Amino acid sequence: MLYGTSYSVYVRAVSLVLEEKGVGYELVEIDIFAPGGPPKDYLQLHPFGKVPAFSHHQLRLYETGAITRYVDEAFPGPPLQPSDPWRRARMNQAISIMDSYAYRNLVWGVYVEQVSGPALGQPTDQARLGAAIAKSETCLAALGALIGEAPFLAGDQLSLADLHAAPMLDCFRQAPDGSAALARHPRVAAWLARMQLRPSMLATVPRRRA
């Protein structure tokens, strides 16, 4: 059981891993932005009131990285973590880049400011947008360097890093300034175009808050 909402990039990252592994699952809708916050009983699954959370039989997990690593290791299907220590470290590095530097800027600083916020009648904060775009350029350059000439972030094979990053970049590209920034980083743009064609991405297109 996966708890969260489809418009969350982190919930989508877990959904992508489940899809790639061929694991059936049910998404239980939890809207942490609802008036009053998430249901009180949800705090038993995630004491910080965030998404996603995950349960498998009697086991309960929260935090996206913990969930995706568990799913990869607990279920059959194609492995999503490189066996080579160097490639595995690169995978973890890419995931850390997305969590530490990219998420706040690509999603909240650009996508929310230019797409989802205006759709809800909220004006764009141009100063915040400009600062986020500048920081996003650093993130995109770092991802491009990781990709190099390989098809995926950790080398020749799809990994958890790609599935962690794709939902954030998919939001980012929908913003005009995000799309323009991606055009300046062709390796990342080409990687995202490949990712968007995967059946897992097509199966997890989010229902946006609007």
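For clarity, every value in this text was computed on a predicted model and none was experimentally measured.
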(request) Establish, from distance only, whether the side-chain atoms of Tyr111 and Asp177 form a donor-acceptor pair under 3.5 Å. (result) no
Side-chain donor/acceptor of [X] to backbone N/O of [Y], under 3.5 Å:
X	Y	answer
Arg88	Asp84	no
His46	Phe48	yes
Arg12	Thr204	yes
Ser100	Ser96	yes

(request) Would you check, one step at a time, whether the test side chain to side chain donor-acceptor pair (under 3.5 Å) holds for Gln174 with Gln114? (result) CA-CA 9 Å; Gln174 296 175 54; Gln114 274 201 316; over 6 Å; no
Would you call [X] and [Y] a side-chain contact if the rule is heavy atoms closer than 4.5 Å?
X	Y	result
Pro151	Arg194	yes
Leu192	Gln196	yes
Leu153	Arg90	no
Val107	Arg104	no
Asn92	Arg69	yes
Leu2	Val28	no
Leu169	Leu143	yes
Pro38	Ile30	yes

Output side-chain donor-acceptor pairs under 3.5 Å for residues 120-140, partner residues at least two apart or in another chain, one line each.
residue, atom, partner, partner atom, Å
Thr124, OG1, Glu113, O, 2.6
Asp125, OD1, Ala127, N, 3.2
Asp125, OD1, Arg128, N, 3.0
Arg128, NH1, Glu113, OE2, 3.2
Ser136, OG, Ala132, O, 2.7
Glu137, OE1, His185, NE2, 2.6
Glu137, OE2, Arg184, NE, 2.7
Glu137, OE2, Arg184, NH2, 2.4

Say you draw a straight line from [atom1] of [X] to [atom2] of [Y]; how long is it, rounded to the nearest 0.5 Å?
X	Y	atom1	atom2	result
Met98	Leu106	CE	CG	6.0 Å
Leu45	Ser55	CG	OG	6.5 Å
Met201	Met195	CE	CE	6.0 Å
Leu59	Leu61	CG	CG	7.0 Å
Asp31	Glu29	CG	CD	8.0 Å

(request) Name the orientation class of the two ring planes belonging to Phe75 and His56 (parallel below 30°, tilted from 30 to 60°, perpendicular beyond 60°). (result) tilted
(request) If a pair satisfies salt bridge (Lys or Arg N to Asp or Glu O under 4.0 Å) and one of its residues is in residues 13-25, list it, with sequence neighbours excluded. (result) Glu20-Arg198, Lys21-Asp72
(request) Kindly indicate, with the supporting measurements, whether the criterion side-chain contact (heavy atoms from CB on, under 4.5 Å) is fulfilled by Asp156 and Arg87. (result) CA-CA 10 Å; Asp156 294 333; Arg87 294 295 181 191; over 6 Å; no
(message) Side-chain heavy atoms nearer than 4.5 Å, only ILVMFWY residues, links allowed to pass through others: does that put Phe33 and Val115 together?
(response) yes
(request) Answer yes if Met1 and Val51 sit in the same cluster of Ile, Leu, Val, Met, Phe, Trp and Tyr residues linked by side chain heavy atoms under 4.5 Å apart, and no otherwise. (result) yes
(message) Counting only heavy atoms from other residues, nucleotides and ligands, does the tally under 6.0 Å from CD of Gln81 exceed 12?
(response) yes
(message) Other residues, nucleotides and ligands only: do more than 12 of their heavy atoms fall within 6.0 Å of OH on Tyr25?
(response) yes
Mind listing the closest non-hydrogen atom pair of [X] and [Y] along with its distance?
X	Y	value
Val205	Leu202	CG2-O, 3.5 Å
Ala175	Val110	CB-CG1, 3.6 Å
Ala13	Thr68	O-CG2, 4.3 Å

(message) Please identify which of these residues, Tyr10, Tyr103, Phe152, meets the ring-ring contact (aromatic ring centres under 6.0 Å, His included) condition with His164.
(response) Tyr10
(request) Using the test salt bridge (charged side-chain N to carboxylate O under 4.0 Å, His left out), find all partners of Arg187 that sit at least two apart in sequence or belong to another chain. (result) Glu149
(request) Could you give me the CA-CA distance, side-chain angles and deciding distance for Asn105 and Phe172, then say whether side-chain contact (heavy atoms from CB on, under 4.5 Å) is met? (result) CA-CA 9 Å; Asn105 292 297; Phe172 184 69; over 6 Å; no
(request) Evaluate the criterion side-chain contact (heavy atoms from CB on, under 4.5 Å) for residue pair Trp191 and Leu182; output intermediate values, then yes/no. (result) CA-CA 11 Å; Trp191 164 84; Leu182 277 169; over 6 Å; no
(request) Sort out for me which residue in Val9, Thr5, Val11 forms a side chain to side chain contact (heavy atoms under 4.5 Å, CB included) with Tyr7. (result) Thr5
(request) Starting from the C-alpha separation in whole Å, work towards a yes-or-no answer on side-chain contact (heavy atoms from CB on, under 4.5 Å) for Ser200 and Leu16. (result) CA-CA 6 Å; Ser200 62; Leu16 287 170; 3.6 Å; yes
(message) In this structure, is the centre-to-centre distance between the rings of Tyr62 and Tyr3 below 6.0 Å?
(response) no
